[in-house]
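These notes concern the structure reproduced below.
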Amino acid sequence: MKIASWNVNSLKVRLDQVVAWLEHQQPAVLGLQETKLVDEKFPAEAFNEVGYQVIFSGQPTYNGVALIARSELADPVMGIPGFEDDQKRVIAATVDGVRVINLYVVNGQEVGSEKFDYKLRWLDAVTAWVEDELSRHQRLVVMGDFNIAPDDRDVYDPEAWHEKILCSTPEREALGRMLDLGLHDSFRLFDQPEKTWSWWDYRAAMFRRGLGLRIDLVLCSEALKGRCSTSYIDKEPRRNERPSDHAPAVAEFTL
DNA sequence: ATGGTCGATAGTCGA
């Protein structure tokens, strides 16, 4: 079972790329972030035509998440239950017995800002809900654009990014509290090439220069850990014309 | 050099 996460930075612009990637990679589930589409404009038909079902939760201009799957998307949840939030950042469903939670984590802009405080509150709320979901689902994946580089191996220049947004201790500790529920960063279950990134800033030709961060993650529960056969970043779509600034994070499980 | 570039949207904001 191949499961992938991709921040597409506008599904309107990236639709053809996403459909082409689906047809080529044939994942069981793909979670999208930053669709930037209201639900009325979600291109469900384009996915149905290539054999995928969809659920989505969008808003004008910002944020927006979706789950795309070959099989039924059962028991869907949009948003964090009990956490009042206008921003559409969370969507979950059960696919072939695996609970899949897709997150677009708050960016936070700058350490110490109001948006940073919101990021930490949001992470605490989502972690409490993931704990609840774990009590009901042994086989669980939490994936998405986490907007957190787990450690310095995931940063092209750790000194320049020291205690900066995406890398600060409070953010990493918040991610750590989620991992402490019994989740594993699937990427680190395997030997990996050094300097593997999932996001390269559009500015300053960062992709061409090989400078990025790994902030897109697929976490898996204890019951899935031993069934995870591979985990990687598919850098290819970042080479496309008019690419997203993120590449898909992919994990495969033997079920 | 606190910039650089995208996307949504129509002067900026968010990333």
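Any value given below was found using the heavy atoms of this structure, including those in side chains, with hydrogens, waters and symmetry copies removed. Chain letters run A, B, ... following the sequence lines, proteins first, then strands; residues in each count from 1.
Per the geometry, CG belonging to A:Leu37 stands 11 Å off C1' belonging to B:dA8, to the nearest Å. Rounded to an integer number of Å, the gap from A:Arg208 CZ to B:dC6 P is 13 Å. In this structure, the CD1 atom of A:Ile165 is 10 Å from the P atom of B:dA15, given to the nearest Å. Taking atom CD of A:Glu34 as the reference point, atom C1' of B:dC6 lies 11 Å away to the nearest angstrom. Between the C1' atom of B:dA8 and the NZ atom of A:Lys36 lies a distance of 7 Å, rounded to the nearest Å. Whole-Å rounding puts the A:Asn63 CG to B:dG14 C1' distance at 9 Å. Taking atom CZ of A:Phe116 as the reference point, atom P of B:dA15 lies 14 Å away to the nearest angstrom. Nucleotide B:dC6 holds its P atom 18 Å from the CG atom of A:Asn107, rounded to whole Å.
Taking side-chain N and O atoms only, A:Lys12 has no distance below 4.0 Å to OP1 or OP2 of B:dG7.
Looking at residues two or more places apart in sequence or on another chain, you find a side-chain hydrogen bond (donor to acceptor under 3.5 Å, both in side chains) between A:Lys119 and A:Glu171. Evaluation of the side-chain contact (heavy atoms from CB on, under 4.5 Å) rule for A:Ala20 yields no partner, not counting sequence neighbours. The side-chain hydrogen bond (donor to acceptor under 3.5 Å, both in side chains) check on A:Arg153 picks up A:Asp151, with sequence neighbours excluded. Here A:Asp132 pairs with A:Arg136 under the side-chain hydrogen bond (donor to acceptor under 3.5 Å, both in side chains) rule; sequence neighbours left out. Residues passing the side-chain hydrogen bond (donor to acceptor under 3.5 Å, both in side chains) test with A:Tyr232, sequence neighbours excluded: none.
When distances run from any side-chain atom of A:Arg89 to the nucleotides B:dA8, B:dA15, B:dG7, the shortest one goes to B:dA15. When distances are taken from the side chain of A:Ala204 to each of B:dG14, B:dG7, B:dG4, the shortest belongs to B:dG4.
With hydrogens and angles disregarded, no donor-acceptor distance shorter than 3.5 Å links the side chain of A:Ser186 to the backbone of A:Thr230. With A:Ser57 contributing its side chain and A:Val65 its backbone, the two residues share no donor-acceptor pair below 3.5 Å.
Spacing between B:dA1 and B:dG14 at atom C1', rounded to whole Å, works out to 23 Å. Taking the C1' atoms as reference points, B:dA15 lies 16 Å from B:dG3, given to the whole Å.
Between A:Arg14 and A:Val106, the residue anchored closer to the 5' end of DNA chain B is A:Arg14, taking for each the nucleotide with the nearest heavy atom.
At the heavy-atom level, A:Arg209 lies nowhere under 4.0 Å from the strands shown. At a threshold of 4.0 angstrom between heavy atoms, the contacts of A:Tyr104 are confined to the sugar-phosphate backbone, with no base atom among them.
For the segment residues 196-203 of chain A, residues with any heavy atom less than 4.0 angstrom from an atom of DNA chain B are, sorted by number, A:Tyr202, A:Arg203.
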